Colleague: 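One structure, pasted below without further comment.
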Amino acid sequence: MLPEKTLAWGLSRSCIRELAEYGARRKAEIGAENVYDFSLGNPSVPSPEIVNASIAELIKDNSVNIHGYTTAAGILSLREKLAADLNSRFGLELTPDLFYVTCGAAASLTVTLKAILFPGDEVITVAPFFPEYRVFVEAVGGVLKVVPAAPDFQIDLDAFEKLLSDKTKAVIINSPNNPSGAVFSEDCIKGLAAIMKRHEEKTGETLYLISDEPYREIVYGDITVPCTMNYYDDAIICYSFSKSLSVPGERIGYIAVSNKLNDCRNVYASIMGAGRSLGYVNPPSLFQRVIERSVGQTSDISEYQKNRDLLCNGLKAIGYEYVEPQGAFYLFVKALEPDALAFSERAKKHELLLVPSDDFGCTGYVRLAYCVATSTIEKAMPAFKALFEEYQAKG
Ligand code: PLP
């Protein structure tokens, strides 16, 4: 006998994984340049120079020290930099002892959820959402409840309020959003915070707002991402450098606990305990030091904006429908038939790899990750046109 849940997660075939495997086979058959692969959220822009320069510099140093264990919460001088960065950008008063450095956003979320949830507790998130949330919540005995997607991909606050119950322990939001690219507006965050505060007053229990922010710096034009901690006290930020510094394989991020969060010192202690029980020990030592030197920098986001504009304008001219993304590097496009999986299968015939929306908790869309070479978007346009015309011909 094996634990039912872990076995099921291991055996389940997510659409993204299926597409990645299909794409690898197809590229080997007809050449990578002939497959228009929009399936993966792997950054396509190099890290800023400081990242590689820091690695080169650091490995000249005492390697015993560089490769040794660090404190579980992360090197203090790094946590000081992280606190100073968030404080100066968002007017907060966080202290380094409320930061816990992690192996990326996935670890930030699993550690946080393990720290706060009891079996049977409910966690609310908003569709469309990162599919791993379900695994992370259920892994600690929680139950995920989903607010249906709003037409503009902001939060349907009435639907959210209806999902709150005595069992609701936390809310996970993700803005800029994977897969819609939406950035939740200040009004939306204020509205969410007001409902959550009312619920706390009613139940007398802490309701945690977990903000999953791996795309925080990837926004376009004059869009800003409201910092949840400025609107709600019982807030925790789960951050990752994977996307902003183009280092997803290096596994580095952090958890920041608000200094205004109810019983914040014990919540932080429970986070330390959760990290310990999950066996993380400490985040990668070399990369903690790289990040310490890189805080405040990002990869060249303008490349993604160029891709977004090219893709949006090209698809709009053909007749596709979408809500223009304000951040991240994903475009959520309406499928040309109600069954997104069938649409994605049909797109494959045109060598277009598009992720159906069902895994993200809503139907009828496909996700296009535009963190690709600009030439891929240019070359894919005739295929998008042919796909569109095929549906028009079907009537
Ligand atoms: N949260 C969201 C919304 C994501 O899109 C991702 C990765 O794509 C993660 C969390 C996990 O990020 P990391 O690679 O830093 O663990």
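Along the sequence shown, residues are numbered consecutively beginning with 1. None of the values given here were measured: they were computed from a predicted structure. Indexing begins at 1, ligand by ligand and atom by atom, following the structure's order.
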Colleague: Nearest non-hydrogen contact with atom 2 (C) of ligand 1 belongs to which option: I173, N178, D212?
Modeller: D212
Colleague: Should you measure from each heavy atom of K243, which atoms of ligand 1 turn up under 4.0 Å away?
Modeller: 7 (C), 8 (O)
Colleague: Hey, are R289 and E292 close enough for a salt bridge, meaning a charged N less than 4.0 Å from a carboxylate O?
Modeller: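 A salt bridge is absent here (no side-chain N lies under 4.0 Å from a carboxylate O).
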Colleague: Does R251 make a cation-pi contact with F287 (under 6.0 Å, within 45 degrees of the axis)?
Modeller: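 No; the conditions do not both hold, so R251 does not lie above the ring face of F287.
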Colleague: Describe, in one word, how the ring planes of Y268 and Y100 are oriented to each other, choosing from parallel (under 30°), tilted (30 to 60°) and perpendicular (over 60°).
Modeller: perpendicular
Colleague: Between R198 and E161, is there a salt bridge with N-O shorter than 4.0 Å?
Modeller: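 Yes, this pair counts.
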Colleague: With a heavy-atom distance limit of 4.0 Å, tell me whether A105 approaches ligand 1 through its side chain, its backbone, both, or neither.
Modeller: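 Both the backbone and the side chain of A105 come within reach of ligand 1.
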Colleague: Using 30° and 60° as the class boundaries, would you call the ring planes of F129 and Y133 parallel, tilted or perpendicular?
Modeller: parallel
Colleague: With heavy atoms of N174 as the reference, note each atom of ligand 1 found under 4.0 Å away.
Modeller: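 Result: 3 (C).
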Colleague: Look at D233 together with K197 and state whether they make a salt bridge at an N to O cut-off of under 4.0 Å.
Modeller: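 Looking at K197 together with D233, the answer is no, because their closest N to O distance does not fall below 4.0 Å.
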Colleague: Run the contact test for F241 against ligand 1 with a 4.0 Å cut-off on heavy atoms, strictly below, and give the result.
Modeller: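 Outside the 4.0 Å threshold, so no.
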Colleague: Could you list which atoms of ligand 1 come closer than 4.0 Å to a heavy atom of R251?
Modeller: 13 (P), 14 (O), 15 (O), 16 (O)
Colleague: Of the backbone atoms (N, CA, C, O) and the side-chain heavy atoms from C-beta on, which set of S242 has a member under 4.0 Å from an atom of ligand 1: side chain, backbone, both, or neither?
Modeller: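 Contact part for S242 vs ligand 1: side chain (C-beta onward).
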Colleague: Is there a heavy atom of P248 sitting under 4.0 angstrom from any atom of ligand 1?
Modeller: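 Heavy atoms of P248 never come under 4.0 Å of ligand 1.
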